[in-house]
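Here the structure comes first, spelled out in C-alpha cells, and everything after it is commentary.
These numbers come from the heavy atoms of this one structure, side chains and all, not from hydrogens, waters or symmetry mates. Nothing here was measured: the structure is a model prediction, and the numbers come from that model.
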Amino acid sequence: MIWEFLGSALLGLALSWVTLRSLADRLPPARAVYPTGALGALFGACLTHAALGTGQVAATLIGAVTVGAVTLSLLIRPRGRRLAPPAAAR
C-alpha cells in the first residue's frame, strides 16, 4: 500500500512537470502546480484504493493519474482573454 501512494505521488509530480512544460503560459507559478498534481494523485490513489481494495495496484495508479489530471485541469486559465473590471470599480 505504501508503494501505491509513493508511486502515485511520483506520477502526480511527473504529470505536473509535463503540464508545466506544455501549458506554462496558462498556468499559475510552479510552486502551485507541483503540489496540486501530487496531492490530486494522492487523493485519487486513496479514493481508488478505498473503492477497489487491496491488490489492485495498476488500477490504483490509473485512478491516481486520472484524478491528478483533473485537478491540474482546474488550474488552466483561458488563453488571452482578460476579464472586464466589475461595474462597481468603474
Side-chain angles (χ1 to χ4, degrees):
M1 186 168 130
I2 192 81
W3 293 109
E4 290 175 358
F5 294 129
L6 182 62
S8 67
L10 291 175
L11 284 172
L13 288 173
L15 188 64
S16 298
W17 181 77
V18 169
T19 305
L20 272 172
R21 298 277 296 177
S22 61
L23 297 170
D25 58 331
R26 297 177 61 193
L27 289 170
R31 68 177 188 265
V33 175
Y34 283 118
T36 301
L39 291 175
L42 282 172
F43 177 70
C46 290
L47 187 68
T48 309
H49 184 81
L52 298 178
T54 59
Q56 304 291 329
V57 177
T60 301
L61 293 178
I62 290 171
V65 168
T66 304
V67 175
V70 168
T71 56
L72 285 172
S73 74
L74 295 174
L75 295 177
I76 298 174
R77 294 179 284 206
R79 182 178 310 215
R81 190 177 68 164
R82 297 274 177 169
L83 296 175
R90 291 184 212 168

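Here the closest non-hydrogen pair linking A41 and G12 is CB-CA, 3.7 Å. In terms of heavy atoms, A38 sits closest to S16 at N-OG, 4.3 Å. Contact detail for L20 and P28: the closest heavy-atom pair is CD2-O, 4.4 Å. Closest of all the heavy-atom pairs between L61 and G7 is CD2-C, 4.1 Å.
Here the CH2 atom belonging to W17 is positioned 10.0 Å from the OG atom belonging to S22, to the nearest 0.5 angstrom. Rounding to the nearest 0.5 Å gives a distance of 8.5 Å between OG1 of T71 and CG of L39. Atom OG1 of T54 sits about 8.0 Å away from atom CD of Q56, to the nearest 0.5 Å.
In summary, of the residues considered (L13, L27, L15), a side chain to side chain contact (heavy atoms under 4.5 Å, CB included) with V33 occurs for L27 alone.
Both L75 and L23 belong to a single network of hydrophobic side chains, linked directly or stepwise wherever heavy atoms of I, L, V, M, F, W or Y lie under 4.5 Å apart. Under the 4.5 Å side-chain heavy-atom criterion for Ile, Leu, Val, Met, Phe, Trp and Tyr, I62 and V67 are members of distinct hydrophobic clusters. Put simply, F5 and L10 are part of two different groups of oily side chains (I, L, V, M, F, W, Y) that touch within less than 4.5 Å, one to the next. The hydrophobic cluster containing V70 does not contain V18, counting ILVMFWY residues as joined when their side-chain heavy atoms lie under 4.5 angstrom apart, directly or transitively.
Heavy atoms from other residues, nucleotides or ligands lying under 6.0 Å from OH of Y34 number more than 12.
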